[in-house]
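Structure record follows, encoded as structure tokens.
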Amino acid sequence: MLAARVAILLTATGISVRAQVSTKWPQHSTERPQPPVVTPGPFAATAPPSDAIVLFDGRSLTNWTSADHVGQPAKWKVADGYVEVVAGTGGIESKQGFGDVQLHIEWRAPTPPNGESQERGNSGVFLMGRYEVQVLDSYHNITYADGQAAAIYGQFPPLVNASRPPGEWQTYDVVFHRPRFDASGAAVKPARMTVLHNGVLVQDDVELSGPTAHQSRPPYAKHADALPIVLQDHGDPVRFRSIWVRKLE
Ligand code: MG
């Protein structure tokens, strides 16, 4: 009854209700249905537009630093237009911080594939170092739905599985809005994300419950308005290229 009244009120005021984290399934539930598989169209490069900040152009990591030892050089391998995770060196992060952004990033899972579930081609793109879009080889590789490729890790499975086979380049195009905090530090607006995987909509303006985490959903904690983008070292030699952002603030 109350829910119905709220719905009527929201409709009357024109406020839309965005997707929120499901309480129907426990986090990382293997019972949760797998998103349907969609075969994306052929790869098409998206060159950065004139107002983009290019974070990685295939040649150097000058715009990046070690995430574990900020200020020290990023230790991943750069070759032939890509950067590859070097296991054990830790994540890398952009020297510049960002809040609301449009982000384009291309990635490639190792071939031949090695490992199963979360141990196959795992990495991650963390907006503001806190909000992860999962990178995983999810081509013929079953894992929990909220942990597969293009999941908002531990919160939202992708709407569909638009993965390409390992060894093929894939794209993420992300629209991210940072959370807003009031003077007391309370989150008055949650972070929101829209994600296209290989040109296919997989996250439709979802509201994050807080930072992404493994086996927990921590609440928001007040942070700066601009923070680095972090790429994860999960031990697999995942490659990245063509990383650019447009500031939306
Ligand atoms: Mg990951």
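Ligands are counted one by one from 1 in listed order, and the atoms in each one are counted from 1 as well.
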* **Straight-line distance of Gln232 CD to Gln134 CD, nearest 0.5 Å** => 6.5 Å
* Is it true that Glu249 and Arg180 make a salt bridge, defined as a side-chain N closer than 4.0 Å to a carboxylate O? -> yes
* With sequence neighbours left out, which residue pairs that include part of residues 37-51 fulfil the side chain to side chain donor-acceptor pair (under 3.5 Å) condition? -> Asp51-Arg246
* To do: For the Mg ion (ligand 1), state how many protein N, O or S atoms fall inside a distance shorter than 2.8 Å.
  => 5
* **Between Gln170 and His197: side-chain donor-acceptor atoms closer than 3.5 Å** => yes
* Fit a plane to each ring of Tyr144 and Tyr153, take the angle between them on a 0 to 90° scale, and name the class: parallel (under 30°), tilted (30 to 60°) or perpendicular (over 60°). => perpendicular
* Asked: If we ignore angles and hydrogens, is there a donor and acceptor under 3.5 Å between the side chains of Asp68 and Ser66?
  -> no
